[in-house]
Amino acid sequence: MSQQTEKISIVLVEDHSIFVEGLQSVLRKIENVTVMATFSAGEEVLDYLQQQPADIVFLDISLPGSLSGVEICRLIRRSHKATKVIALSNHTEREIVSDMLNNGANGYLLKNASLPDLQNAIDQVMMGQCVMSEEVRNIVFAANTSLKSIPRLTSREKEVLYWISEGLTTSAMAAKLFISVQTVESHRYNLLQKFQVPNAVVLVKKAMELGLIRSEK
């Protein structure tokens, strides 16, 4: 049971009317909750919140209009710091989940959330917690699993990787390793490809995360 005694005001942002009706029906079963308004586009809720503050906004991610749910979330959290935002979406892509959380979402639920899930989410975010559906939580906490796959490196590539982390230039590495500048560049290119990174800075960061380079410097 919810421990809140005062009414919690909720706004829904969702462009599928049938889902909105179903969600409203479920939320009505939570005695201390009142749905103040529903909107099909993000721009509308921004205008509304300027006039009428709300405790929680349930926000879809794929919305009509020029602003996505991620952008709406960021704008709400920037202008209405007391308002909690809970993403309610079918998107389970790691990048989308991360974007929402990085832009201030207080929770991320899937649209198959049950009444207990919704009630728990409302209670938790009102107490300052971040809530996620179990499937979403698994995605977030498994986010670093890709780092477990360590690329197979030749002994020369390991040497070049080490000296890149030490900040040596290509010509300095060539002189130290007694190889040509072109060979160093070839090894550098191969390292970027194997680690699937765009540049040397990200290469060193990822190598440190994998434990291939010590970070005590």
Side-chain angles (χ1 to χ4, degrees), residues 59-62 66-79 81 84-110 121 124-125 127-217:
L59 178 64
D60 193 7
I61 293 174
S62 299
S66 60
L67 299 176
S68 70
V70 173
E71 293 168 310
I72 294 297
C73 177
R74 176 174 55 81
L75 292 171
I76 291 175
R77 298 294 293 134
R78 185 172 69 184
S79 301
K81 298 188 184 304
K84 314 297 184 183
V85 176
I86 300 176
L88 193 56
S89 173
N90 284 327
H91 287 290
T92 57
E93 296 88 344
R94 174 179 148 195
E95 293 79 8
I96 293 177
V97 174
S98 297
D99 277 349
M100 283 299 291
L101 297 176
N102 290 337
N103 279 278
N106 304 93
Y108 197 112
L109 302 180
L110 299 182
Q124 292 300 311
V125 298
M127 291 189 291
Q129 304 298 315
C130 181
V131 294
M132 289 176 274
S133 296
E134 183 177 358
E135 183 178 351
V136 173
R137 190 182 304 113
N138 291 337
I139 292 168
V140 171
F141 291 136
N144 292 324
T145 55
S146 61
L147 298 176
K148 307 296 184 184
S149 178
I150 300 177
R152 296 172 68 93
L153 304 180
T154 66
S155 57
R156 183 64 84 187
E157 286 170 346
K158 291 178 182 177
E159 288 180 305
V160 172
L161 176 61
Y162 171 76
W163 290 117
I164 288 175
S165 74
E166 291 292 309
L168 262 65
T169 63
T170 297
S171 56
M173 272 188 273
K176 184 172 286 290
L177 298 174
F178 303 102
I179 55 179
S180 70
V181 168
Q182 290 160 326
T183 301
V184 173
E185 287 294 347
S186 177
H187 287 311
R188 183 191 292 268
Y189 175 80
N190 289 338
L191 286 167
L192 295 179
Q193 295 300 305
K194 288 185 175 182
F195 282 87
Q196 299 182 331
V197 293
N199 55 52
V201 173
V202 182
L203 170 66
V204 171
K205 179 177 182 292
K206 193 166 184 179
M208 285 182 175
E209 290 172 338
L210 289 167
L212 298 176
I213 299 174
R214 292 194 180 92
S215 59
E216 69 254 21
K217 285 174 55 175

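- Interatomic distance, Ile72 CD1 to Arg77 CZ, rounded to the nearest 0.5 Å: 14.5 Å.
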Show your working on side chain to side chain contact (heavy atoms under 4.5 Å, CB included) between Ser89 and Asp60 and close with a plain yes or no. CA-CA 5 Å; Ser89 173; Asp60 193 7; 4.0 Å; yes

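- At least one side-chain heavy atom of Leu67 sits under 4.5 Å from a side-chain heavy atom of Leu75.
- In this structure, Lys158 has no side chain to side chain donor-acceptor pair (under 3.5 Å) partners at least two apart in sequence or on a different chain.
- Taken to the nearest 0.5 Å, the CD atom of Glu93 stands 11.0 Å off from the OG atom of Ser98.
- The backbone N or O of Met132 lies less than 3.5 Å from a partner atom in the side chain of Arg137, making a donor-acceptor pair.
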Got a list of side-chain donor-acceptor pairs under 3.5 Å for residues 168-179, not counting sequence neighbours?
from   : atom 1 : to     : atom 2 : distance (Å)
Thr169 : OG1    : Ser171 : OG     : 3.2
Thr169 : OG1    : Ala172 : N      : 3.2
Thr170 : OG1    : Glu185 : OE2    : 3.0
Thr170 : OG1    : Arg188 : NH2    : 3.2

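- In this structure, Val125 and Lys84 approach most closely via the heavy-atom pair O-CE, 3.3 Å.
- Taking CD1 from Ile213 and CD from Glu166, the interatomic distance works out to 8.5 Å, rounded to the nearest 0.5 Å.
- No more than 12 heavy atoms of other residues, nucleotides or ligands shown are found within 6.0 angstrom of CD on Gln196.
- With a 4.5 Å cut-off on side-chain heavy atoms, Glu134 and Asn138 count as touching.
- Of all heavy-atom pairs between Cys73 and Ala105, the closest is SG-N, 3.4 Å.
- Partners of Val197 according to the side chain to side chain contact (heavy atoms under 4.5 Å, CB included) rule, which considers only residues two or more places apart in sequence or in another chain, are Leu192, Phe195, Val202, Leu203, Lys206.
- Here Lys194 pairs with Glu157 under the side chain to side chain donor-acceptor pair (under 3.5 Å) rule; sequence neighbours left out.
- Of all non-hydrogen atoms in Ala200 and Ile164, the two that sit nearest each other are CB-CG2, 4.0 Å.
- Closest of all the heavy-atom pairs between Val85 and Leu59 is CG1-CD2, 3.9 Å.
- Between Asn190 atom CG and Leu153 atom CG the span is 10.0 Å, to the nearest 0.5 Å.
- In this view, Ser180 and Gln182, Thr183 satisfy the side chain to side chain contact (heavy atoms under 4.5 Å, CB included) rule, not counting sequence neighbours.
- Summarising the geometry of Leu110 relative to Ser133, their closest heavy-atom pair is N-OG, 2.9 Å, with the distance given to 0.1 Å.
- A salt bridge links Arg156 with Glu159: the distance from a Lys NZ or Arg NE/NH1/NH2 to an Asp or Glu carboxylate oxygen falls below 4.0 Å.
- Separating the CD1 atom in Ile150 from the CG atom in Leu212 is a distance of 5.0 Å, to the nearest 0.5 Å.
- Glu71 contributes a side-chain N or O that, together with a main-chain N or O of Ser68, makes up a donor-acceptor pair within less than 3.5 Å.
- With sequence neighbours left out, Arg152 forms a side chain to side chain contact (heavy atoms under 4.5 Å, CB included) with no residue at all.
- Counting all heavy atoms, side chain and backbone alike, Tyr108 lies closest to Val136 at CD2-CG2, 3.6 Å.
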